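Heavy-atom basis, side chains included; hydrogens, waters and symmetry copies ignored. Given the structure is predicted, the values throughout are model-derived calculations rather than measurements. The chains referred to below are lettered A, B, ... by the order of the sequence lines, with proteins before strands, and numbering in each begins at 1.
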Number of protein chains: 2
Amino acid sequence: MGTRQSAIIHRTIESLAGHPTAEDIYLQAKGELPHIAMGTVYRNLNAMVEAGEIRKLHTPEGPDRFDSITTRHDHLVCDGCGRIDDVMVDGVEALVEAAAGEGYRGYELEVHHLCEKCRAGGVPDRR
Amino acid sequence: MGTRQSAIIHRTIESLAGHPTAEDIYLQAKGELPHIAMGTVYRNLNAMVEAGEIRKLHTPEGPDRFDSITTRHDHLVCDGCGRIDDVMVDGVEALVEAAAGEGYRGYELEVHHLCEKCRAGGVPDRR
DNA sequence: TTAACTGCAAATCTTTTGCACAATC
DNA sequence: GATTGTGCAAAAGATTTGCAGTTAA
């Protein structure tokens with residue numbers, strides 16, 4: 001079932017907490033398979049997104065991030081350090097569905113805040 | 001008050017309906033000022049975003065888009081053709097605020113659907 | 001005149017792709 | 001043996017940036 005690289009990439013994205021970038025995954029995988037190529041990582045990641053196994057997140061600045069949790073959840077983005085946490089905002093779906101009408105397919109909700117660390121450290125927010 | 005280019009860029013983004021890309025704005029502005037440079041467009045656009053005069057939208061594929069409407073509103077994205085419309089989903093803010101806690105700064109809600117045209121035309125959705 | 005802004009082109013960064021070779025079925 | 005996937009390197013796409021020259025205050 002699949003190649004060595006594919007297995008490693010699957011395993012890696014599961015093991016990496018948070019929302020790793022393709023490069024995070026690449027570097028991690030390189031530890032196990034030093035000749036693995038960036039292109040291979042992207043190809044596999046994209047295939048997994050296509051298959052609905054993982055999600056791709058687009059960030060304001062910097063590279064895309066990948067999310068191995070595919071159950072319904074939202075994201076809490078720190079405008080200071082860029083850190084992304086998972087969060088659940090209940091009750092949104094009904095509102096959205098009503099507004100979208102026919103053809104509705106889903107939604108993405110991004111909550112912005114300044115995390116505790118950034119508030120404490122006086123980190124200037126980036127937007 | 002500002003340069004000729006800045007004025008044109010301001011005017012252009014106001015006049016362009018929808019959610020134009022930097023290139024859309026560049027091409028339009030070129031009509032008035034044939035030597036205007038892409039870098040100038042980006043620099044001005046970024047300054048306007050910084051100043052809170054416009055918003056920047058990140059799209060899954062393709063370049064960023066700019067939105068001259070800064071009042072609270074959400075986006076309805078067609079997964080078929082990529083078209084972005086404005087939409088209002090009321091009642092979300094209270095839910096989000098409660099979930100975010102201290103440090104809350106705002107949210108972005110993207111509703112995905114297949115627009116009428118794409119449903120009729122049998123356009124395969126892109127995600 | 002000084003400071004801010006522009007045009008141009010090159011650089012950067014992220015992601016994709018062509019192709020010859022290797023691994024899998 | 002045929003197909004599918006990989007490594008490598010080059011290409012592509014979007015955005016930023018250095019710098020010399022221009023424009024605005």
Side-chain angles (χ1 to χ4, degrees), chain A residues 1-13 16 18-51 53-68 77 81-82 84 126-127, chain B residues 1-13 16 18-51 53-68 77 81-82 84 126-127:
Chain A
M1 49 165 292
T3 62
R4 182 122 177 269
Q5 315 30 17
S6 168
I8 290 177
I9 291 168
H10 272 77
R11 188 148 17 93
T12 300
I13 192 173
L16 282 177
H19 302 82
T21 63
E23 193 179 17
D24 293 334
I25 295 163
Y26 168 69
L27 291 175
Q28 181 76 18
K30 224 175 162 63
E32 280 190 73
L33 199 64
H35 282 285
I36 197 170
M38 201 64 192
T40 300
V41 172
Y42 272 108
R43 271 186 288 236
N44 275 276
L45 252 15
N46 284 337
M48 291 168 77
V49 170
E50 206 88 351
E53 295 169 25
I54 60 175
R55 284 213 265 162
K56 192 193 269 191
L57 309 179
H58 310 280
T59 68
E61 9 194 331
D64 290 346
R65 290 161 175 281
F66 295 87
D67 188 344
S68 61
V77 182
C81 60
I84 303 177
R126 320 193 280 189
R127 36 184 338 246
Chain B
M1 50 161 292
T3 62
R4 181 121 179 269
Q5 317 29 17
S6 168
I8 291 176
I9 291 168
H10 272 76
R11 189 149 15 94
T12 300
I13 191 174
L16 284 178
H19 301 81
T21 63
E23 193 180 16
D24 292 334
I25 295 163
Y26 168 69
L27 291 175
Q28 180 77 18
K30 225 174 161 61
E32 281 189 72
L33 199 63
H35 282 283
I36 197 170
M38 201 65 193
T40 300
V41 172
Y42 272 108
R43 271 186 287 235
N44 274 276
L45 252 16
N46 284 338
M48 291 168 76
V49 170
E50 207 87 350
E53 294 169 25
I54 60 175
R55 283 213 266 163
K56 192 193 267 190
L57 310 180
H58 310 279
T59 69
E61 12 193 332
D64 290 347
R65 292 163 174 280
F66 295 87
D67 189 343
S68 60
V77 181
C81 60
I84 303 177
R126 324 190 277 191
R127 44 187 330 250

Rounded distance in Å - NE2 (B/H58) to P (D/dA14): 15 Å
With sequence neighbours excluded, tell me which residues meet side-chain hydrogen bond (donor to acceptor under 3.5 Å, both in side chains) with A/Y26. A/K30
Measure from CD on A/E23 to C1' on C/dC13 and round the result to the nearest Å. 10 Å
Spacing of B/E61 atom CD relative to C/dT16 atom P, expressed in whole Å: 9 Å
In chain order, what residues pass the side-chain contact (heavy atoms from CB on, under 4.5 Å) check against B/Q5, with sequence neighbours excluded? B/T3, B/L33, B/I36, B/T40
Tell me: CG of B/D24 to P of D/dT15, nearest whole Å? 11 Å
So CG of A/N46 and CD1 of A/I54: to nearest 0.5 Å the spacing works out to 8.0 Å
Does atom CD of B/E53 have more than 12 heavy-atom neighbours from other groups under 6.0 Å away? yes
B/R65 CZ to D/dG13 P, straight-line distance once rounded to whole Å: 16 Å
State, with a plain yes or no, whether a side-chain heavy atom of A/T59 is found less than 4.5 Å away from one of A/T21. no
Output the rounded distance in Å from CZ (A/R4) to P (C/dT24). 9 Å
Tell me, which of residues 33-48 of chain B have any heavy atom that sits under 4.0 Å from an atom in DNA chain C? B/H35, B/I36, B/A37, B/T40, B/R43, B/N44
Could you state the CG-C1' distance from B/D64 to C/dC13, rounded to the nearest angstrom? 14 Å
For B/D24 and B/F66: C-alpha separation, side-chain torsions, deciding distance, then whether side chain to side chain contact (heavy atoms under 4.5 Å, CB included) applies. CA-CA 10 Å; B/D24 292 334; B/F66 295 87; over 6 Å; no
For D/dT6, does OP1 or OP2 lie under 4.0 Å from any side-chain N or O of A/T3? yes
Any side-chain N or O of B/Q5 under 4.0 Å from OP1/OP2 of C/dG7? yes
Between P on D/dA14 and CG on B/L27, what's the gap in Å once rounded to a whole number? 12 Å
